[in-house]
Each structure stands twice: as C-alpha cells, then as structure tokens.
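Every heavy atom of this structure was used, including side-chain atoms; hydrogens, water molecules and symmetry mates were not. Numbered from 1 within each chain, the chains take letters A, B, ... in sequence-line order.
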Number of protein chains: 2
Amino acid sequence: MKRKRSYARQTREALSVLGKLIRIGRMERGMTAQELADRVGISRTTLYNIEKGAPGAEIGTVFEAAALAGVRLFDQDDTALRTENARLAEKLTLLPKSVRPSRTEVDDDF
Amino acid sequence: MKRKRSYARQTREALSVLGKLIRIGRMERGMTAQELADRVGISRTTLYNIEKGAPGAEIGTVFEAAALAGVRLFDQDDTALRTENARLAEKLTLLPKSVRPSRTEVDDDF
DNA sequence: AGCATGCGTCCACTTTACTGGACATGACTC
DNA sequence: GAGTCATGTCCAGTAAAGTGGACGCATGCT
C-alpha cells in the first residue's frame, strides 16, 4: 500500500523554489492560474498545489507547467539550466502577497 | 476524473535526464535500486519507473531520490544547481546496458 | 559451470492524487 | 460602495499511481 512519506529539508526547499519559479514565470507571461492549468491539462486546484510546492503532485504535470511558464529544467547539456532560472530566481523574494496579473497592462516589471 | 495526459518534448526530456542523473548518482554511491528505494520509502518498481523518466511519479519522491543520490536540485540561490549535475551529466551517454554496483569495490570511477 | 545478486517487467489489489464545484477573500475599476 | 475577476481553500467521488510478489535474464564471483 501507498504510505504517507516524510521529506528531507532539501527536498521541500527544492519543491518550494520550483513552485515559486513557476508562479513567477506564469505571472510574467500574464497568464492566470486558470489559463496555465488549462494548457497543462490540470485543474486550477492542482496547479495551486504545485505552485505551493506540494510533494504529491505528478512530476510530469509539474514539469509541463514549468515548461509552459518558461522555467528551464534539466537539459541534455545542462549548461542551459541557469540562464532563465537565475533571472527568475532574483524575484523569488519579491512575491506579492496576493498575486494577480494586471488587467490594464501585461508584462510589467511588478 | 483524472485524465491521461500528453507531455511536451521538453518535458519528457527533462524527466528522462533527471531519471538518468538519479541512476548515475545512485551507482556512483554504490547503492542498489532496492537500497535507494528503501531509503526514499518507495518500492523498487516505482524507483525503476522514476529512473526511466515516468511522468506519473510523485515529484516529492523523485526529488527525494535525487537528493539521496547526490543530484542537486532547485536551490534558493540556484548558482549551486550546475556544480554537481554538470559532473554527472558528462556520464549521461556512458550508461552501461545492465547496471550493477560492483560488490568488490565501491566508489570506483566506472 | 553453478550460484548469488541485481535489474527489467508484469499483474491484481490498495491507497492516493486529481477533479469540479463551491464559497470566502483580496484587489482593481467605475 | 457595488461589481468583477483571480486567488486561497475545502470536500466527496473517481481514476490512476504505488505496492509486493513473482519470474526471467544478465552479470559477477568462486
């Protein structure tokens, strides 16, 4: 049977960071949670959990969401890894309390 | 209901690469599939699927396996990302057909 | 060669994540 | 303030992932 698991701190942090990267990438592209969820093919609830860093989500959907949000993942030559992520990561601490893509203009620098 | 999904090429590649990194890291540490599975708290079957790059696996267990196998994931300052992975990635193409950690010596350079 | 060990893979059963809907809250516009 | 839109969060039903066991095969040891 499937058991409830515990995760190392490093694992939880990685999940949290990836979730935030996805959220930042999504907002930068002016997508609502619903829009991204539709493109990935999951419910908004699940995307919300992914962005929160839930460990139970399927890795395929998480990676797909990341890809559609512009987050670089593991590549054959993983030199490409940092390029985009590093830029996004700079904004990790700037996450607004309640996030919502501006309706008046998109692609602002929030 | 849960639907069967399709994934972008980029997503499948990321999954495949991560799986291989885990396998390489595990072998470098002289761990059998069973040992790593036990430490993560999953079955050998599931670990096998993860190393194969199955998109359905839970991201928490995949990241945990990666952490225990020495693969660096997403960090707060993601400068650390490449260091270890780049070294492992050099061996991506050298994967032996049938893998098994040598019993006589561990930590060899294969 | 014979034996032991680890991997590749299948299957029926069980547990879990995903879903869709619903409701509250926060933020922006008029 | 009223109206709108996006997010935060909960829940019961349902489909899918995880499990343990089993079997064959490859590899390494003696």
Side-chain angles (χ1 to χ4, degrees), chain A residues 1-7 15-16 19-20 22-65 69 95-106 108 110, chain B residues 1-7 15-16 19-20 22-65 69 95-106 108 110:
Chain A
M1 57 304 206
K2 240 171 165 178
R3 274 195 293 278
K4 196 153 286 185
R5 275 176 279 277
S6 66
Y7 300 95
L15 288 170
S16 169
K20 287 176 183 169
I22 291 174
R23 161 156 303 195
I24 292 171
R26 169 174 71 77
M27 292 194 303
E28 278 205 338
R29 307 201 160 196
M31 278 191 284
T32 68
Q34 187 67 65
E35 282 171 1
L36 180 54
D38 287 344
R39 289 198 205 182
V40 177
I42 59 178
S43 67
R44 187 174 67 82
T45 304
T46 301
L47 178 61
Y48 171 72
N49 284 323
I50 289 174
E51 292 187 345
K52 236 182 26 176
E58 291 183 19
I59 192 168
T61 61
V62 178
F63 277 20
E64 187 82 6
L95 272 182
K97 38 277 158 190
S98 180
V99 274
R100 108 172 250 215
S102 169
R103 236 182 310 163
T104 48
E105 33 180 336
V106 178
D108 57 338
F110 64 98
Chain B
M1 57 303 205
K2 237 171 165 179
R3 273 196 293 278
K4 196 154 284 184
R5 274 176 280 277
S6 66
Y7 300 95
L15 289 170
S16 170
K20 286 176 183 170
I22 292 174
R23 160 157 302 196
I24 292 171
R26 168 174 71 78
M27 292 194 303
E28 278 204 339
R29 307 204 159 193
M31 279 190 283
T32 68
Q34 187 67 64
E35 283 171 0
L36 180 55
D38 288 345
R39 289 198 205 182
V40 177
I42 58 179
S43 67
R44 189 174 68 83
T45 304
T46 300
L47 178 61
Y48 171 74
N49 284 323
I50 288 174
E51 292 187 344
K52 236 183 25 177
E58 291 182 19
I59 193 168
T61 60
V62 177
F63 277 20
E64 187 81 5
L95 272 181
K97 39 274 159 190
S98 180
V99 273
R100 110 172 249 212
S102 169
R103 236 182 310 164
T104 48
E105 32 180 339
V106 178
D108 57 337
F110 61 95

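Here D/dG28 presents its C1' atom at 16 Å from CE of B/M27, a figure rounded to the nearest Å. One atom, CD1 of B/I59, and another, C1' of C/dT16, lie 17 Å apart when rounded to the nearest Å. A straight line from CE of A/M31 to C1' of D/dC5 spans 18 Å, rounded to a whole angstrom. Atom CG of A/N49 and atom C1' of D/dC10 are 11 Å apart (whole Å). When the P atom of D/dG18 is taken as reference, atom CD of B/E64 falls 15 Å away, rounded to whole Å. The interatomic distance linking B/I42 (CD1) with C/dT16 (P) rounds to 15 Å, in whole Å.
Counting distance only, with no hydrogens placed and no angle test, the side-chain atoms of A/R44 and the base atoms of C/dG21 include no donor-acceptor pair under 3.5 Å.
Inter-residue side-chain proximity for B/V40 and B/I50 is flagged as unmet; no heavy-atom pair is nearer than 4.5 Å. Side-chain contact between B/V62 and B/I22: present, with at least one pair of heavy atoms (C-beta onward) separated by less than 4.5 Å.
Of the two residues contacting DNA chain C, namely B/K52 and A/L47, the nearest-nucleotide position lying further toward the 5' end is that of B/K52. If B/Q34 and A/A57 are placed on DNA chain C by their nearest nucleotide, the residue sitting closer to the 5' end is B/Q34.
Salt bridge annotation for A/E58-B/R5: present, with a cationic side-chain nitrogen under 4.0 angstrom from a carboxylate oxygen. For the pair B/E35 and B/R29, the salt-bridge criterion is not met [side-chain N within less than 4.0 Å of a carboxylate O].
Residue A/G60 is classed as having no contact, given no heavy-atom separation below 4.0 Å to the nucleic acid.
Neither OP1 nor OP2 of D/dA15 sits under 4.0 Å from any side-chain N or O of B/R5. For D/dC5, neither phosphate oxygen OP1 nor OP2 lies less than 4.0 angstrom from any side-chain nitrogen or oxygen of A/T32.
Between atom CG of residue B/D38 and atom OG1 of residue B/T32 there is a gap of 7.5 Å, rounded to the nearest 0.5 Å.
With C/dC10, C/dT16, D/dT7 as the choices, the nucleotide that has an atom nearest any side-chain atom of A/K2 turns out to be C/dT16. Taking the side chain of A/T45 as heavy atoms from C-beta on, and the options D/dG21, C/dT19, D/dT7, the nearest nucleotide is C/dT19. In the set C/dC18, D/dT19, C/dC7, the nucleotide with an atom closest to the side chain of A/E58 is C/dC18.
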